[in-house]
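For clarity, every value in this text was computed on a predicted model and none was experimentally measured.
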Amino acid sequence: MTILIPSYEPDERLLELVHDLRAVTDTPILIVDDGSGDRYSGIFQSARKAGCTILTHDDNKGKGCALKTGFDYIKRTGDADGVVCADSDGQHLPRDILRIAGAVRTHRRHIVLGSRRFAGKVPLRSRFGNSATRLVYACATGTSIQDTQTGLRGFSADMLDWLCRVPGERFEYEMNMLLASKPAGYATVEVPIDTVYLDGNKSSHFRPIADSARIYFPFLKFGASSALSAALDFVLLFLLQWMTADLLVSVVGARIVSSALNYALNRKYVFGGKRAGTGARRSLSRYYALAVTILLFNYALLYAFHETIGMPLLAAKLLTEGSLFLFSYWWQRRYVY
């Protein structure tokens, strides 16, 4: 087992973690200096003297790149049966790191998550950030994880090739890993750990706007594709309704054209490459099976809202599309692509 610590501009807490770990285990420690610069070289030199292996990026590449550098090194050296990733800012206690290591040995080919329970005094941005990503993950996969943002994670050695292929360079890498795990055949298991925040989590290098956008990017792409297709669907719905005065013809005609656009966008730009072996013919048949299902729901809901309740067609359309949006994302990620 190897303990992998990605680190950018660390303080003395990195050395405290190293010494605390050395007091309870002789497990190898690999630290990736993610371009911290000469100002922090003394800290990494001290860690090297304490027996750690140090890998260095010439410039800051992001947490995802730092983790991949560590995974690739462990894979090439072949001297570990697994790896535990921990943060360098003192948020992960040695006893919890060792618990994750033990869980990796028990749960092979699983992502083992050190799951915080967010009880007591938790910084607002941490509580909000985890709640938001937890919701995105649940909508995307249909399953729930308590702590999607934890940096304390464990993996068996036979997962290293896959970990190096997961897309993402910065904080979005950890979310991408969770989103890609099920299609790749990896389950997740959560191990409760202590929640530790020091100085209101000021040491975190997480950028709320830029990094959040990266984390939610897969969901945002789907939203953009859906919005463009929905705009076309709206125009065609009203055009066909004006031309035919037949709601069924209008709904079906608009959906045939807009769904063709949506399939092409999702296959190429949203879910492209997520599941190897899912060819165009197979994914197309699955997509249109979903399209038919949604079409039936779409017509039923529109009829109920517009014809039965008397809701204006525009309001009925908005309510219907919003209801079906999350279901469609979950189904496409899990079954279509």
Side-chain angles (χ1 to χ4, degrees), residues 132-144 179 182-183 212-213 215-275 277-337:
T133 54
R134 188 168 60 212
L135 176 62
V136 168
Y137 180 80
C139 291
T141 65
T143 58
S144 177
L179 291 171
K182 277 194 174 183
S212 291
I215 289 173
Y216 304 137
F217 189 55
F219 205 68
L220 295 174
K221 285 193 297 183
F222 180 78
S225 170
S226 299
L228 184 59
S229 302
L232 178 61
D233 194 59
F234 266 66
V235 172
L236 292 176
L237 174 69
F238 286 98
L239 178 61
L240 291 173
Q241 179 72 1
W242 174 72
M243 294 172 62
T244 67
D246 188 316
L247 182 62
L248 179 59
V249 171
S250 302
V251 169
V252 172
R255 187 49 52 99
I256 288 174
V257 178
S258 63
S259 64
L261 174 65
N262 187 247
Y263 170 79
L265 291 174
N266 286 353
R267 176 170 171 77
K268 185 171 183 179
Y269 298 109
V270 181
F271 301 107
K274 296 297 183 185
R275 182 178 293 178
T278 304
R281 181 179 299 177
R282 186 178 179 186
S283 63
L284 186 63
S285 63
R286 291 181 176 183
Y287 176 87
Y288 274 102
L290 170 65
V292 170
T293 301
I294 290 183
L295 176 62
L296 295 175
F297 279 117
N298 191 283
Y299 178 72
L301 290 174
L302 270 178
Y303 188 89
F305 293 145
H306 180 56
E307 301 287 350
T308 304
I309 299 177
M311 185 181 295
L313 183 58
L314 177 60
K317 181 66 172 174
L318 289 171
L319 184 57
T320 297
E321 294 299 336
S323 301
L324 296 175
F325 175 81
L326 294 178
F327 170 75
S328 178
Y329 182 88
W330 169 76
W331 188 277
Q332 288 186 57
R333 170 169 284 279
R334 186 161 187 177
Y335 295 111
V336 177
Y337 302 102

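- Annotation for Y303: atom OH does not count as buried by contact number, only 12 or fewer foreign heavy atoms lying within 6.0 Å.
- For the atom pair L240 CG and L247 CG, the distance stands at 11.0 Å (nearest 0.5 Å).
- Between the CG atom in L314 and the CG atom in L237 there is a gap of 10.0 Å [rounded to 0.5 Å].
- Within the 4.5 Å cutoff, no side-chain heavy atoms of F297 are placed close to those of T320.
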Item to check | Evaluation steps, side-chain contact (heavy atoms from CB on, under 4.5 Å), between V251 and K317 | outcome: CA-CA 10 Å; V251 169; K317 181 66 172 174; over 6 Å; no

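- With sequence neighbours left out, the side chain to side chain contact (heavy atoms under 4.5 Å, CB included) criterion links V235 to no other residue.
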Next on the checklist: Run the side-chain contact (heavy atoms from CB on, under 4.5 Å) test on F238 and L313 for me, step by step, so that the C-alpha distance in whole Å, both residues' side-chain angles and the decisive distance to 0.1 Å come before the verdict.
Outcome noted: CA-CA 9 Å; F238 286 98; L313 183 58; 3.6 Å; yes

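- Listed for the S259 side chain is a donor-acceptor partner under 3.5 Å among the backbone atoms of I256.
- Annotation: salt bridge (Lys or Arg N to Asp or Glu O under 4.0 Å) contacts involving residues 290-300, sequence neighbours excluded, are absent.
- Heavy-atom minimum distance, S250 versus T244: OG-OG1, 3.6 Å.
- Every residue meeting the side chain to side chain contact (heavy atoms under 4.5 Å, CB included) condition with L261, not counting sequence neighbours, appears here in chain and number order: L228, S229, L232, L265.
- Identified under the salt bridge (Lys or Arg N to Asp or Glu O under 4.0 Å) test for residues 294-311, with sequence neighbours left out: none.
- Counting only heavy atoms from C-beta outward, the side chains of Y299 and L302 never approach each other to under 4.5 Å.
- Residue pairs meeting the salt bridge (Lys or Arg N to Asp or Glu O under 4.0 Å) criterion with at least one partner in residues 234-263, sequence neighbours excluded, are D233-R255, R255-E321.
- Between the side chain of H306 and the backbone N or O of M311, at least one donor-acceptor pair lies under 3.5 Å.
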